[in-house]
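Worksheet for the structure shown next.
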Amino acid sequence: MSNINTPLELKPIGELLDFSFNIPSYQRGYRWKGAFQVKDLLEDIWDYKVDSSNPKAFYCLQPIVVKPINDSNFELIDGQQRLTTILLLLHYFNETEFKLPKKCYSIDFETRLMQRDFLSKVDDEKYSESNIDLFHINQAYSYICKWFDKMEVNTSNPSIRGDFYSKLINKVKVIWYSIQNEVNEETSVYDIFTRLNIGKIPLTNAELIKALFLSKYGSDFDSESRYLKQINIATEWDKIEQTLQKEDFWYFICNQPEKYETRIEFIFDLIKKKGDEDEAYFTFHKFIEEFDNLDENSKSIDKVWLNVKEYFLTFEEWYNEQELYHLVGYLITTGHNINVLKEKSTGISKTVFKNWLRKKALESIPKTELFESLNYYRDRYEIRKTLLLFNIFSILENPKSSLRFPFNFFHKQKWDIEHISSQTSKQISGKDRENWAITNLEYFTGTKWNLENEEQILDVVNEIEEEEEKSICIQLISIIKKEDSDHSLFNEVFDSLQSIFEYGDKIDDPDGLNNLALLDEGTNRMYKNAFFPVKRQHIIQKEKQAVYIPLCTRNVFLKAYSKKLSEVMFWNNNDSISYLTEIKNILQ
């Protein structure tokens with residue numbers, strides 16, 4: 001039997017049979033439901049395919065967290081529901097022809113005295129009605145019995161119980177996590193239970209792998225050398241995690257940034273090539289397999305850890321190099337697999353790798369001769385990638401520039417495409433009409449609207465010297481306050497603003513790439529129906545407030561791509577043609 005002081009190990013079900021578990025009073029009773037959690041456990045074990053060519057292969061259950069009391073008695077901190085369900089399974093087999101070679105493990109409830117002998121009454125429905133915990137235990141046991149009966153009929157397999165029993169005893173293991181060393185005067189067992197169950201310190205792959213690394217050091221060391229090894233790996237681990245916790249670095253390498261609480265786990269998943277369909281502890285299982293095949297010496301363990309560091313240092317090098325940062329960041333943001341990029345970078349020069357990245361980036365968007373055919377309503381995804389790459393390559397045009405595209409802002413602010421000059425029509429309705437009136441009122445008054453400062457805005461409006469503008473503002477306030485029941489006022493104001501804001505030739509293709517830019521979700525929502533000068537004022541105001549605006553979006557609203565600057569307040573057909581030409585030039 002394994003040493004109980006080992007913080008992390010894998011234990012087969014058969015090794016638990018001599019144990020007894022105490023359930024403290026602070027834990028709730030048994031609540032697993034047959035049609036959900038019990039069903040999932042039974043089907044997962046049954047669906048596990050035994051690999052005869054790999055006798056070490058096994059099916060692994062989620063962690064069991066314990067505090068040792070003595071060699072065979074444990075306080076169960078986390079895993080009550082799983083262990084109780086497995087005990088019901090073992091009892092089921094003992095009641096059939098598959099007698100266990102030894103007694104089952106026991107579960108003792110500190111305060112729920114009625115449950116201490118629950119196995120003797122587990123199939124007594126009348127007895128279970130007297131206690132809610134016993135009721136759920138009875139329902140779970142009943143489901144187990146019916147599940148095997150149904151499977152025997154559906155599969156026409158009379159040996160299903162024997163096959164399942166063999167898997168359970170021989171191929172099912174639990175992740176055994178002892179918290180003996182974590183309990184002290186400041187941290188009680190209850191504290192650890194609470195944090196585990198509110199998700200603050202879940203036993204993630206990363207934490208399990210860390211305990212695995214630390215516990216593996218020691219077989220060929222004295223206690224002092226082992227301690228130094230553990231301190232070294234723990235220190236390097238923390239440095240890696242601290243770097244990954246920096247938002248600009250994290251969003252640069254990961255296109256599922258919200259998925260990981262402990263971010264070093266992302267690197268472990270990459271190393272073991274975990275897929276979206278793989279089960280939760282896939283990566284930990286893979287590291288267990290790797291450690292099982294290692295020589296029993298520290299150099300083998302060092303080699304595994306060195307591979308982890310090599311992954312991280314590669315990403316750090318990419319992050320610190322301007323061109324690699326932007327090319328890799330673009331490809332990751334648009335869904336490319338970072339493992340593919342890393343494998344490609346191995347064994348080739350940096351110049352060759354950069355050229356390959358540029359080629360992959362350009363292959364991800366339509367060819368420049370197709371730009372005129374792109375349409376806002378049909379090709380949003382392709383246009384979004386094109387405009388993002390336009391921003392990236394515009395930054396890289398100047399090798400001496402220290403400007404960096406912040407992929408964390410791009411993700412968090414949810415930047416998407418929107419019309420530069422909105423094709424506003426009188427079909428605006430509901431909340432959009434209210435937003436339209438507010439944006440126009442704020443344009444003329446320079447003051448944020450809300451009902452509390454209505455008098456302040458009216459004072460500003462009264463000071464406007466231009467009578468037409470003053471009249472428009474008063475009408476806009478009436479629209480905001482929903483005093484325009486027949487929409488006649490809206491139609492009148494719309495026509496007035498259209499005559500003021502629209503200038504020059506109409507844009508030939510208002511829904512094409514020539515009239516689209518990257519805008520954040522807030523601007524899209526509030527200003528999607530606004531005229532060009534209203535949007536322009538908002539963009540400039542945000543930049544004054546140090547809010548990030550993509551380089552090319554800012555240039556568009558400053559009309560940096562336009563050949564004629566006589567009318568900076570309007571966006572016309574000539575502006576859109578010049579803008580599209582610039583996009584083509586950069587992306588060629």
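The first residue of the sequence shown is numbered 1, and numbering continues consecutively from there.
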Geometric cation-pi criterion [X] and [Y], 6.0 Å radius, 45° cone:
X      : Y      : value
Arg358 : Phe393 : yes
Arg380 : Tyr376 : yes
Lys167 : Tyr48  : no

Does the side chain of [X] come under 3.5 Å of the side chain of [Y] through a donor N or O and an acceptor N or O?
X      : Y      : result
Glu75  : Asn22  : no
Asp269 : Thr283 : yes
Trp305 : Glu236 : yes

So [Y] and [X], do their side chains get closer than 4.5 Å, heavy atoms only?
X      : Y      : answer
Ile23  : Asp108 : no
Phe291 : Ile301 : yes
Arg554 : Lys542 : no
Lys350 : Leu324 : yes
Leu396 : Gln322 : yes
Lys67  : Ser178 : no
Leu83  : Leu76  : yes
Leu341 : Trp318 : yes

Take the angle between the ring planes of [X] and [Y] and call it parallel below 30°, perpendicular above 60°, tilted in between.
X      : Y      : value
Phe74  : Trp176 : perpendicular
Phe268 : Trp237 : tilted
Phe252 : Tyr319 : tilted

Checklist entry - Any salt bridge (Lys or Arg N to Asp or Glu O under 4.0 Å) pairs touching residues 401-410, not counting sequence neighbours? => result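 Checked against salt bridge (Lys or Arg N to Asp or Glu O under 4.0 Å) - neighbours excluded - no pair reaches residues 401-410.
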Next on the checklist: Under the criterion ring-ring contact (aromatic ring centres under 6.0 Å, His included), I'd like the reasoning laid out for Tyr105 against Phe19: C-alpha separation, chi angles, the key distance, then a yes or no.
Outcome noted: CA-CA 5 Å; Tyr105 57 81; Phe19 292 167; 8.6 Å; no
Is there a donor-acceptor contact under 3.5 Å from the side chain of [X] to the main chain of [Y]?
X      : Y      : answer
Asn170 : Ser166 : yes
Tyr579 : Leu516 : yes
Tyr325 : Phe405 : yes
Glu321 : Glu317 : no
Glu241 : Ile264 : yes
Lys354 : Ser349 : no
Asp248 : Pro406 : no
Ser401 : Glu397 : no
His336 : Ile332 : no

Item to check | Check against side-chain contact (heavy atoms from CB on, under 4.5 Å), Gln245 and Arg263 | outcome: CA-CA 7 Å; Gln245 287 294 332; Arg263 293 179 177 178; 3.7 Å; yes
With sequence neighbours excluded, tell me which residues meet side-chain contact (heavy atoms from CB on, under 4.5 Å) with [X].
X      : result
Glu258 : Tyr251
Glu363 : Lys359, Lys360
Gln242 : Asp238

What heavy-atom pair brings [X] and [Y] nearest, and what distance separates the two atoms?
X      : Y      : value
Leu362 : Leu587 : CD2-O, 3.4 Å
Asp379 : Leu374 : OD2-CA, 3.4 Å
Phe410 : Thr333 : CE2-CG2, 3.7 Å
Leu168 : Leu90  : CD2-CD2, 3.9 Å
Gly335 : Asn255 : CA-ND2, 3.7 Å

Next on the checklist: Could you check whether atom NZ of Lys414 has more than 12 heavy atoms from other residues, nucleotides or ligands sitting under 6.0 Å from it?
Outcome noted: no
Item to check | Full working for side-chain contact (heavy atoms from CB on, under 4.5 Å) between Leu61 and Ile86 | outcome: CA-CA 11 Å; Leu61 296 177; Ile86 293 170; 3.3 Å; yes
Would you compute the distance between atom [atom1] of [X] and atom [atom2] of [Y] and round it to the nearest 0.5 angstrom?
X      : Y      : atom1 : atom2 : result
Ile383 : Ile417 : CD1   : CD1   : 4.5 Å
Tyr330 : Ile365 : OH    : CD1   : 6.0 Å
Leu89  : Ile169 : CG    : CD1   : 9.5 Å

Checklist entry - Ring centres of Phe315 and Trp250 under 6.0 Å apart? => result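 Between Trp250 and Phe315, which both carry aromatic rings, the centre distance is not below 6.0 Å.
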May I have the list of side-chain donor-acceptor pairs in residues 384-391 shorter than 3.5 Å, sequence neighbours left out?
from: Arg384; atom 1: NE; to: Trp415; atom 2: O; distance (Å): 3.2
from: Arg384; atom 1: NH2; to: Trp415; atom 2: O; distance (Å): 3.2
from: Lys385; atom 1: NZ; to: Ser364; atom 2: O; distance (Å): 2.7
from: Thr386; atom 1: OG1; to: Glu382; atom 2: O; distance (Å): 2.8
from: Asn391; atom 1: OD1; to: Leu551; atom 2: N; distance (Å): 3.3
from: Asn391; atom 1: OD1; to: Cys552; atom 2: N; distance (Å): 2.9
from: Asn391; atom 1: ND2; to: Leu387; atom 2: O; distance (Å): 2.8

Less than 4.0 Å between a side-chain N and a carboxylate O, is that true for [Y] and [X]?
X      : Y      : result
Asp278 : Lys272 : no
Glu247 : Lys412 : yes
Glu316 : Lys309 : no
Lys286 : Glu290 : no
Lys303 : Glu310 : no

Next on the checklist: With side-chain contact (heavy atoms from CB on, under 4.5 Å) as the criterion, how do His326 and Leu331 come out once you've worked through the C-alpha distance, each side chain's angles and the decisive distance to 0.1 Å?
Outcome noted: CA-CA 9 Å; His326 284 97; Leu331 290 171; over 6 Å; no
Checklist entry - By salt bridge (Lys or Arg N to Asp or Glu O under 4.0 Å), which residues pair with Arg82, not counting sequence neighbours? => result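 In terms of salt bridge (Lys or Arg N to Asp or Glu O under 4.0 Å), with neighbours along the sequence ignored, Arg82 is linked to no residue.
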Checklist entry - Please walk me through it: do Glu543 and Arg536 pass salt bridge (charged side-chain N to carboxylate O under 4.0 Å, His left out)? => result CA-CA 11 Å; Glu543 191 162 47; Arg536 180 180 187 273; over 6 Å; no
Next on the checklist: Please determine whether side-chain contact (heavy atoms from CB on, under 4.5 Å) holds for the pair Leu42 and Thr85, giving the CA-CA distance in whole Å, both sets of side-chain angles, and the decisive distance to 0.1 Å.
Outcome noted: CA-CA 10 Å; Leu42 293 171; Thr85 306; over 6 Å; no
